[in-house]
Amino acid sequence: AQKITQTQPGMFVQEKEAVTLDCTYDTSDPSYGLFWYKQPSSGEMIFLIYQGSYDQQNATEGRYSLNFQKARKSANLVISASQLGDSAMYFCAMRFGETSGSRLTFGEGTQLTVNP
Amino acid sequence: GAVVSQHPSWVICKSGTSVKIECRSLDFQATTMFWYRQFPKQSLMLMATSNEGSKATYEQGVEKDKFLINHASLTLSTLTVTSAHPEDSSFYICSARDLVGYTFGSGTRLTVV
């Protein structure tokens, strides 16, 4: 079965601290892509970071890094030096396969609140 | 970067009427467009996948006669909610596959009264 899971409905972090948002997945397909999106209350989906299944190194984008553990089938998002503006819903998503029609399947989401 | 323009951003309609939502790719050709629905505090659920020039593929449980999808050109896909009812009130958002990954529209908040 192809599934993606986020087990943390809500997370709290103090401003300037780091936070890890968990994401696990299940697939038998050797080729897949993992994405993280931020969704503020406005509803827009903001792309944060991408990790391909064949990528040797963990992806990083500014304050965002992806802790990709292929054997454990996990792709946790690490946000360093949290800011108040990071408060939002965060979704882990997966593309199963590599065809052009491959859609994204989303996890349940984690609501992150950054406290001052 | 790639941009998908989605309109309207919000709409209120009466029960029984139809509402059309448009998604337009502004600087790239969107061969495939995905339509999602999101209820409050829930995840995005894929409703259907539309391919330019062909019929949309609907996910299980999504009524194709109620949610009409048209993808007549490489830059425009539309979702029409026909005979809308209060339970159709939701956030609808489209997404197109681009060269890098996926580009999302800004979403449409539909309220049926």
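Each chain gets a letter, A, B and so on, in the order the sequences are listed, and its residues count up from 1. Just so it is clear, the values below take in all heavy atoms, side chains as well, and ignore hydrogens, waters and symmetry mates.
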Inset, instruction - Measure centre to centre between the rings of F35(A) and Y102(B), then say whether the value is under 6.0 Å. - result: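 Between F35(A) and Y102(B), the centre distance is under 6.0 Å.
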Legend entry - Value rounded to 0.5 Å, distance of OH in Y36(B) from CE in M45(A):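 Answer rounded to 0.5 Å: 8.5 Å.
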Inset, instruction - Pick whichever of A93(A), G107(A), S42(A), G109(A) has the most heavy-atom pairs under 4.5 Å with chain B. - result: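 Looking at each of A93(A), G107(A), S42(A), G109(A) in turn, G107(A) comes out on top.
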Write down the atom of [X], the atom of [Y], and the distance for their closest heavy-atom approach.
X	Y	value
S43(B)	F106(A)	OG-CB, 3.3 Å
Q42(B)	F91(A)	O-CZ, 3.8 Å
F34(B)	S102(A)	CZ-O, 3.6 Å

Legend entry - N-O pairing of E108(A) and K41(B) below 4.0 Å: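 Salt bridge absent between E108(A) and K41(B).
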Legend entry - Heavy-atom neighbours of M11(A) CE exceed 12 at 6.0 Å: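 For M11(A), atom CE is crowded (more than 12 foreign heavy atoms under 6.0 Å).
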Legend entry - Atom CD of E87(B): over 12 foreign heavy atoms under 6.0 Å: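 Above 12, so yes.
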Legend entry - Which portion of Q39(A) sits near chain B, non-hydrogen atoms under 4.5 angstrom: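 Side chain of Q39(A) only, per the 4.5 Å heavy-atom cut-off to chain B.
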Inset, instruction - Select all residues of residues 104-113 of chain B having any heavy atom within less than 4.5 Å of some heavy atom of chain A, and report them by number, or 'none'. - result: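 From residues 104-113 of chain B, the residues near chain A are F104(B), S106(B), R109(B).
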Inset, instruction - Measure distances from I93(B) to the heavy atoms of chain A and classify the residue's part below 4.5 Å as side chain, backbone, both or neither. - result: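 Contact with chain A is through the side chain of I93(B) alone.
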